[in-house]
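This is a predicted model, so every value here is computed, not measured.
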Amino acid sequence: MNDLLSLRCINTTLSEILSDEYLSLMKWEIEKTSGINFIQHILKYEDDTEWFILLNGIEKNSRLWLTIFEDPYEPVNRIIINELSVSFEKEIDKKELEKQIIKTVSEFLRDIGVISVYSNNTSLPWEKLGFVLEENKLYFSLK
């Protein structure tokens, strides 16, 4: 699937390698795993070269916000986790749920780009969730 990564280097749009329906399947899988119902919003910008995907929990205060774009400094797509928050009574279950959501995002999107968070995002213990600091120190990326 490395061919998908190289597609972005020849000025394709995200719609050529990603669809709303595919993201809906990812949302459905996250709902099935978490037991949380989400509303999905997809916003496409910059002539379809940058997408914002927002999943808001309906009855629980949960959110997953992703940005997908071509990295301006490296020949890869970035899938940035801007926010991941889940509402769960037990802290142990919450941490497991966060891991499972990251795993599901990875399963669906790892062939499209590098799953990362900005290095100044301290909302979660990213290293404990399988992310490593990149050489450029701008991102933590999923191993």
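Between atom CD of residue E83 and atom CG of residue L64 there is a gap of 8.5 Å, rounded to the nearest 0.5 Å. Rounded to the nearest 0.5 angstrom, L97 CG and I102 CD1 are separated by 10.0 Å. Annotation: the span from N120 atom CG to K137 atom NZ amounts to 14.5 Å, rounded to 0.5 Å. In this structure, NE2 on H41 lies 10.0 Å from NZ on K27, to the nearest 0.5 angstrom. For the atom pair CZ of R63 and OG of S85, the computed distance is 6.5 Å after rounding to the nearest 0.5 Å. The CZ atom of F131 sits 5.5 Å away from the CH2 atom of W126 when rounded to the nearest 0.5 Å.
When every heavy atom of Y118 is checked against every heavy atom of I80, the shortest pair comes out as CE1-CG2, 3.6 Å. In plain terms, the two heavy atoms of I115 and S106 that are nearest each other are CD1-CA, 3.3 Å. Of all the heavy atoms in L14 and I68, the pair that sits closest is CD1-O, 3.5 Å.
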> Is there a side chain to side chain contact (heavy atoms under 4.5 Å, CB included) between F108 and L25 once you walk through the steps?
Replying inline: CA-CA 9 Å; F108 274 83; L25 286 173; 3.8 Å; yes

> Run the side chain to side chain contact (heavy atoms under 4.5 Å, CB included) check on E107 and K103 step by step: do they pass?
Replying inline: CA-CA 6 Å; E107 288 170 356; K103 180 182 176 199; 3.0 Å; yes

>> Show, in sequence, the C-alpha distance, side-chain angles and deciding distance for Y139 and S119, and conclude whether the side chain to side chain contact (heavy atoms under 4.5 Å, CB included) test is met.
In response: CA-CA 5 Å; Y139 306 104; S119 60; 6.0 Å; no

> Is there a side chain to side chain contact (heavy atoms under 4.5 Å, CB included) between L109 and L66 once you walk through the steps?
Replying inline: CA-CA 11 Å; L109 299 177; L66 305 172; 4.0 Å; yes

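With hydrophobic clusters built from ILVMFWY side chains whose heavy atoms lie under 4.5 angstrom apart, F69 does not share a cluster with W65. Linking ILVMFWY residues whenever their side-chain heavy atoms come closer than 4.5 Å, directly or via other members, places I42 and Y22 in the same cluster. There is no path of hydrophobic side-chain contacts, each under 4.5 Å, that joins I53 to L43. When the side chains of ILVMFWY residues are joined at heavy-atom separations under 4.5 Å, either directly or via intervening members, V132 and V114 end up in two distinct hydrophobic clusters.
Taking the six-membered ring where the residue is Trp, F52 and Y45 present perpendicular rings, their angle passing 60° and hence far from 30°.
Here K44 pairs with D20 in a salt bridge; the nearest charged N to carboxylate O distance falls below 4.0 Å.
Between the side chains of R78 and S116, at least one donor N or O lies within less than 3.5 Å of an accepting N or O. Side-chain contact of E29 with T104: a donor-acceptor pair under 3.5 Å is absent, judged by distance alone. For the residue pair S24/Q40, the side-chain donor-acceptor check at 3.5 Å is satisfied. For the residue pair N136/E74, the side-chain donor-acceptor check at 3.5 Å is satisfied.
Side-chain atoms of L124 and L84, non-hydrogen and from C-beta on, do get closer than 4.5 Å to each other. Taking the side chain as every heavy atom from C-beta outward, M26 and V105 approach each other to under 4.5 Å.
Between I81 and the choices T67, V117, I101, the side chain to side chain contact (heavy atoms under 4.5 Å, CB included) rule is met once, by V117. For the side chain to side chain contact (heavy atoms under 4.5 Å, CB included) with S62, the qualifying choice from L55, N37, I36 is I36, the only one to do so.
A donor-acceptor pair is defined here as one N or O able to donate and one able to accept, closer than 3.5 Å; such a pair exists between the side chain of D48 and the backbone of S15. At least one donor-acceptor pair under 3.5 Å links the side chain of N77 to the backbone N or O of I112. In this structure, the side chain of E31 engages the main chain of F38 through a donor-acceptor pair within 3.5 Å.
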